[in-house]
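Have a look at the structure below, then the notes.
Since we're looking at a predicted model, the values are computed, not measured. Every chain is numbered from 1 and lettered A, B, ... according to where its sequence line falls, protein lines coming before strand lines.
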Amino acid sequence: METIITRFPPSPTGYLHVGGARTALFNWLYARKKNGKFILRIEDTDNVRSTQASVDAIFEALDWLELDWDEGPYFQTRRFDVYREYLRRLLDSGDAYYCTCTPDEVEAMRRKAKAQGGKPKYDGRCRERGLPRSDNAVIRFKAPLVGTTVVEDVIKGNIVFQNTEQDDFVVCRSDGTPTYNFVVVVDDITMGINTVIRGDDHVMNTPKQILLYKALKAPLPVFGHVPMVLGKDKTRLSKRHGAMSVTAYRDMGYLPDAFINYLVRLGWSHGDQEFFTRQELVEKFNLENIGKSAGVFDPDKLTALNADHIRATPVGQLAPRALPFFKTMGYDATDDDYLAGVIGTLHTRSKTLVEMAEGAHFYYREDVRPYDEKAAKKFLKPETARVLTQLAEQLDALDNLAQKNQEAAFKKVMESTGLGFGKIAQPVRVALTGTTVSPGIFEVIEVLGKSRVLARLRAAVEFIESTGA
RNA sequence: GGUCCCAUCGUCUAGUGGUUUAGGACGCCGGCCUCUCACGCCGGUAACUCGGGUUCGAAUCCCGGUGGGAUCACCA
């Protein structure tokens, strides 16, 4: 069986956006699934818009998504000799010719054709003139005048184009640089690309490219055009809809596996399954189940999926990913047992790593005061001082803070005070965390450790005595 | 405007002529669990764009309308 070779060809004119990430992902998944090759090619022929910063941003994003490539990155600007060679072939076989019509003249032809109700296109004036190479001549492809060109799209099915719709498009500009459609075909041919999965917005280019493949006597690759990703208002995704940049999602605390899981499910399905590990995706991905219609990017669903992935990730693997966010919060955290304990109590209640870091606040503060105002007012009342004092004594007597021992300690306090568990737990929570919302109180006590717990309980008693009087 | 594509709950989707009172997920609304918040569990809300055919029978096939999108460069 032929080795599947796919590619991702971004142009470095900005960061990697959500839509681009998805086509990169589809190509990567398909190559991995088929044990094929995935090639990265940078389409940097637009001198004015291409920047090194964009190239770096794309690498950074692919790196975060963990989409690795087997060949490349190739840069089109370093391949002009290859393009020249193929241009020569087209000229030699008579499939291309020099044209000296000026842009203004061509524009006039288009206007005229349009005025007569036809399609705006170049009228083929220089087609049979046999013009020689000259300074301001462009090279045009000699497109067939009759017949049809059909795109056999694995996603959309056959798409038929009348060749009469096509005009003799420019393959080489007057300054000697080759144009997009030509360059793509030459690259795909020379790089052995046999599977082209790309955005919907390229379908209209495909018949032009097919004509080029045929003129160059090269075998056609399999084409698949994936539908666009839309924003909430069903228009093309843009900054208005929130973050476009892939790395922005990294910074918001999403896990790369959750992000690719979401992206792939936006347009592809495997029955009712929603949650996929990266490996499952590689195993189950296929082209047949990619949908035909555009999909709306839903941040809420991404977030829900992220929560699922966080929960499914073992604490040990989560720690290094969460650590940077803890640092950003200003915590003096390291990847140690304490961090593992902290994450253990937080990972079922954090939808993002940012949320997790925020939730870990009380674990990394010496003193949780000032308390949340409402919480203190409601739970740190004069009569609770002795409850906290008693609990501190009971806990102090323990040499192991395992949940079972803690329960016994709480039970003693409940008996001597006649209070229910709930009446004790909330004040304790406020004393230990500063707020009324936190992981289970036993977990918090165990992770915090005896010395922090005792210090915070005493601080709370102190607080009550200083304000209650 | 020409060409091309698309059309199932608000959103992502399952569904390829009968197994469907159209299933799952997110969201939303209830409830249970309970030391708070989550998690988990249970229940609810909500869809086949419209009109014609084909057929004993259409979400599923065909035609048309409508709506949305893509694209019409010496940009990629």
Side-chain angles (χ1 to χ4, degrees), chain A residues 9-11 13 43-46 48-50 76 99 101-103 106-107 110 113-114 117-122 136-140 151 153 155-157 159-162 165-167 169-181 183-184 199-207 225 227-228 230 232 234-236 262 265-275 289 291-305 307-308 311 345-351 355 359 375 379 410 420-430 433 435-442 444:
Chain A
S11 39
T13 54
E43 310 214 324
D44 57 349
T45 55
D46 187 336
V48 287
R49 293 196 302 152
S50 297
Q76 292 185 323
C99 165
C101 296
T102 67
V106 175
E107 184 49 38
R110 279 196 246 273
K114 203 166 183 177
K119 12 259 150 199
K121 53 185 201 180
Y122 173 71
N136 46 10
V138 299
I139 299 176
R140 287 183 182 276
V151 178
D153 192 297
I155 295 169
K156 295 179 178 292
I159 307 172
V160 181
F161 294 88
Q162 296 299 320
E165 292 292 325
Q166 209 66 75
D167 70 351
F169 56 92
V170 172
V171 289
C172 183
R173 304 184 185 90
S174 51
D175 67 359
T177 59
T179 60
Y180 172 74
N181 282 117
V183 158
V184 165
D200 226 346
D201 48 336
H202 284 285
V203 281
M204 301 310 252
N205 286 326
T206 311
H225 290 93
M228 309 263 83
L230 310 175
K232 191 137 195 91
K234 300 211 174 200
T235 62
R236 199 175 186 145
Y262 176 71
R265 274 290 288 114
L266 179 57
W268 175 83
S269 61
H270 182 77
D272 282 337
Q273 189 172 348
E274 300 282 351
F275 183 96
N289 291 317
K292 296 182 180 186
S293 50
V296 175
F297 186 85
D298 181 359
D300 286 341
K301 188 150 182 176
L302 166 62
T303 302
L305 211 40
D308 288 343
R311 218 172 312 127
T345 68
L346 254 22
H347 87 316
T348 57
R349 50 200 108 215
S350 308
K351 293 188 197 303
E355 220 178 278
F379 294 108
F410 271 82
F421 186 80
K423 291 285 180 204
I424 296 175
Q426 272 312 75
V428 171
R429 190 184 312 282
V430 176
T433 72
T435 72
T436 53
V437 177
S438 85
I441 204 67
F442 295 135
V444 168

Q. Hey, does the side chain of A:R110 come within less than 4.0 Å of B:G1's phosphate (OP1/OP2), counting only N and O?
A. no

Q. B:A38 phosphate, OP1 or OP2: any side-chain N/O from A:T348 under 4.0 angstrom?
A. no

Q.
Side chain of A:T179 only, heavy atoms from C-beta on: which candidate in B:C37, B:A76, B:C35 is closest?
A. B:A76

Q | Same-atom distance (C1') from B:U13 to B:A46, integer angstrom | A | 15 Å

Q.
Could you tell me how far B:A38 sits from B:U21 if I compare only their C1' atoms? Round to whole Å.
A. 36 Å

Q) Taking the C1' atom of each, how far is B:G15 from B:A59, in whole Å? A) 8 Å

Q: Ignoring backbone atoms, establish whether A:R311 has a side-chain N or O less than 4.0 Å from OP1 or OP2 of B:G40.
A: yes

**Q.** Side-chain-base donor-acceptor pair under 3.5 Å for A:D300 and B:G27
**A.** no

Q: Could you please name the option among B:C6, B:C72, B:C35 that lies closest to any side-chain atom of A:F421?
A: B:C35

Q: Could you measure between the two P atoms, the one in B:U11 and the one in B:U34, and give it in whole Å?
A: 39 Å

Q: Could you say whether A:D46 or A:G295 is positioned toward the 5' end of RNA chain B, judged by the nucleotide with the nearest heavy atom to each?
A: A:G295

Q.
OP1 or OP2 of B:C6 versus the side-chain N and O atoms of A:K292: is any pair under 4.0 Å?
A. yes

Q. Taking atom types as they are modelled, is there a donor-acceptor pair under 3.5 Å from the base of B:C39 to the side chain of A:R349?
A. no

Q: Answer yes or no: is there an ion pair linking A:K156 with A:D200, defined by an N-O contact shorter than 4.0 Å?
A: yes

